[in-house]
Protein chains: 2
Amino acid sequence: MGSAGNAMLHDELVAHLRAMIVDGVLPPGTRVPERELCAKFEVSRTPLREALKVLAAEGHIALLPNKGARVTRLTTRDVEELFQVSGGLEALGGELACARITDAEIAEIRALHAEMAQEHARRALPAYYALNRRIHEAIMQASGNKVLQGLYEQVSARIRRARFVAAMPFDRWDQAMDEHEGILNALVRRDGATLAAILKQHLSNKSKQVVEAGFAVEVDAAADPAAPRRRGRRTPPAG
Amino acid sequence: MGSAGNAMLHDELVAHLRAMIVDGVLPPGTRVPERELCAKFEVSRTPLREALKVLAAEGHIALLPNKGARVTRLTTRDVEELFQVSGGLEALGGELACARITDAEIAEIRALHAEMAQEHARRALPAYYALNRRIHEAIMQASGNKVLQGLYEQVSARIRRARFVAAMPFDRWDQAMDEHEGILNALVRRDGATLAAILKQHLSNKSKQVVEAGFAVEVDAAADPAAPRRRGRRTPPAG
DNA sequence: ATATGCAAAAATGAATTCAATTTTGGAACG
DNA sequence: CGTTCCAAAATTGAATTCATTTTTGCATAT
């Protein structure tokens with residue numbers, strides 16, 4: 001058997017493949033090399049194909065009949081729609097959270113917020129993003145609604161696939177930090193309506209920034225299926 | 001081959017199974033008889049199991065390791081959470097719809113509303129429900145956000161699985177109709193904030209009603225897995 | 001030299017086969 | 001009479017096999 005045991009197989013496979021897509025190991029537009037992955041994971045095609053169906057249902061890959069699986073490419077419209085939905089989900093989550101969040105949970109978020117402010121001050125973007133994500137997830141957690149958390153995670157993963165980490169103008173970054181001050185404030189005051197409004201605006205602003213930045217800065221050109229391929233042609237003669 | 005041709009197989013299978021679950025042909029808690037369904041649909045286990053994985057990812061069935069698939073049972077908490085999320089999604093959809101809905105679309109919704117009022121007046125619950133659903137879907141459609149529509153459809157399907165059609169007190173029914181008057185009004189005025197608020201309240205009220213009514217009135221007792229089974233015991237001797 | 005056509009190779013979709021776990025039926029025992 | 005244990009049957013999870021479609025490589029014709 002494989003070195004990792006076999007107690008999971010299907011679920012692990014789905015999670016692993018999803019991570020590969022979300023983290024950009026399989027860039028948007030790439031064909032999913034079924035046989036390679038089978039070899040890599042040391043499983044047969046059956047569980048792998050089951051995993052592909054699930055990921056297709058989640059919107060991460062497209063299944064073209066008789067033409068294999070491709071990592072879906074996000075259009076500008078997709079990104080805008082996803083951010084809109086994320087805004088709605090986070091607004092709801094924030095509102096619910098205000099009604100039931102504990103002081104301990106707030107303290108934890110406050111600590112994350114302080115850490116994030118530090119990273120903002122030293123212009124450490126990846127660290128800032130990691131903490132930013134943890135804050136938003138903590139608020140969702142505090143909503144107490146598992147269904148909501150699940151959908152948010154789904155939408156978040158789809159958004160995260162567009163790796164727009166690179167471009168973040170300083171003025172926009174400062175603005176985002178200000179918005180987060182407002183988020184923490186509203187949370188402390190348990191002001192659900194205000195928190196919801198700020199979160200929605202926050203996501204809307206983020207959407208604008210991402211779209212304006214092009215949001216696809218780090219796709220691998222080699223993975224572009226639109227690139228023309230030569231067929232049955234050798235290297236041109238040198239002399 | 002089968003009488004239905006084979007151009008679809010997988011997708012059709014998923015849709016068909018999902019419909020069977022949502023429509024209550026496979027009641028909550030029932031084991032999904034894999035072999036029977038294979039015979040019924042005239043397919044092998046491979047595509048059927050792929051469909052089961054997808055439905056599991058959508059939350060319609062639970063996959064117990066080595067113990068088969070079961071149609072998920074909705075707890076009271078599940079219902080409350082699903083209605084909360086649905087309220088959030090519909091609020092967002094209504095808000096977006098107000099910003100872009102056309103007069104023609106409003107006219108169509110107004111017509112549906114009038115029809116629904118008729119059914120309300122004559123106390124025809126199933127017809128009322130059908131029109132009610134079409135109205136909510138039309139608003140979502142008018143939002144212009146495909147991602148939102150998809151998630152709403154997913155959540156809606158999960159809610160619809162609890163068939164609570166039976167119990168609807170008249171006073172609550174009248175109240176729901178009033179709320180729908182408000183919905184139509186806000187839509188005509190393109191008042192997104194108000195529409196969002198009404199929709200959220202509408203769904204919250206519906207949730208309360210459904211939970212209070214028990215929301216599981218028509219589950220088949222024979223499908224209850226909690227029922228104790230006898231093992232290796234014959235009928236007791238009569239004399 | 002380029003374009004067209006055809007056969008070989010590869011990839012996909014689904015059925016079948018195989019191994020392992022769980023459930024069932026009944027026999028032995030207390 | 002009830003309980004426990006074990007073997008047989010059924011069910012599940014995964015690998016392999018088979019048929020079909022698509023893609024590729026090369027030969028041929030214009």
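Bear in mind the structure is a predicted one, so any value in this text is a computation, not a measurement. Throughout, a chain's letter reflects where its sequence line sits, starting with A, and its residues are numbered from 1.
- Look at CZ on Phe41(A): it is 15 Å from P on dA14(D), rounded to the nearest Å.
- Per the geometry, CD belonging to Glu36(B) stands 14 Å off C1' belonging to dA10(D), to the nearest Å.
- For the atom pair CZ of Arg77(B) and CD of Gln84(B), the computed distance is 10.0 Å after rounding to the nearest 0.5 Å.
- Residue Pro47(A) places its side chain closer to dA14(D) than to any other of dA14(D), dT12(C), dA15(C).
- Side-chain contact between Arg45(B) and Cys38(B) is present, with heavy atoms from C-beta onward closer than 4.5 Å.
- When the P atom of dA11(C) is taken as reference, atom CG of Leu52(A) falls 15 Å away, rounded to whole Å.
- Regarding Leu63(B), its CG atom lies at a distance of 11 Å from the C1' atom of dG13(D), rounded to whole Å.
- A salt bridge links Glu137(B) and Arg133(B); the closest N-O separation between the charged side-chain nitrogens and carboxylate oxygens is under 4.0 Å.
- The His10(A) side chain lies nearest to dA14(D) when the options are dA15(D), dA14(C), dA14(D).
- Here the nucleotide nearest the side chain of Glu34(A), chosen from dT12(C), dA15(C), dA14(D), is dT12(C).
- Checking dG13(C), dT16(D), dT16(C) against every side-chain atom of Arg49(A), the shortest atom distance belongs to dG13(C).
- Atoms CZ (Arg45(B)) and P (dA15(D)) sit 13 Å apart, rounded to a whole Å.
- Inter-residue side-chain proximity for His136(B) and Leu199(B) is flagged as met; some heavy-atom pair is nearer than 4.5 Å.
- The CD atom of Glu50(A) sits 16 Å away from the P atom of dT12(C) (whole-angstrom rounding).
- In this structure, CG of Leu48(B) is placed 13 Å from C1' of dT12(D), rounded to the nearest angstrom.
- In this structure, a donor-acceptor pair under 3.5 Å is present between the side chains of Arg161(A) and Thr72(A).
- With dA15(D), dG13(D), dT11(D) as the choices, the nucleotide that has an atom nearest any side-chain atom of Thr46(A) turns out to be dA15(D).
- Residue-level contact check: Arg35(B) touches the backbone only, with heavy atoms under 4.0 Å from sugar-phosphate atoms and none from bases.
- Among the nucleotides dT17(D), dA15(C), dT21(C), the one closest to the side chain of Asn66(B) is dT21(C).
- Phosphate contact (OP1/OP2 of dT12(C), side-chain N/O of Arg70(A), threshold under 4.0 Å): absent.
- Among the nucleotides dT23(D), dA15(D), dT12(D), the one closest to any side-chain atom of Lys67(A) is dT23(D).
- Nucleotide dT22(D) holds its P atom 12 Å from the CG atom of Leu64(A), rounded to whole Å.
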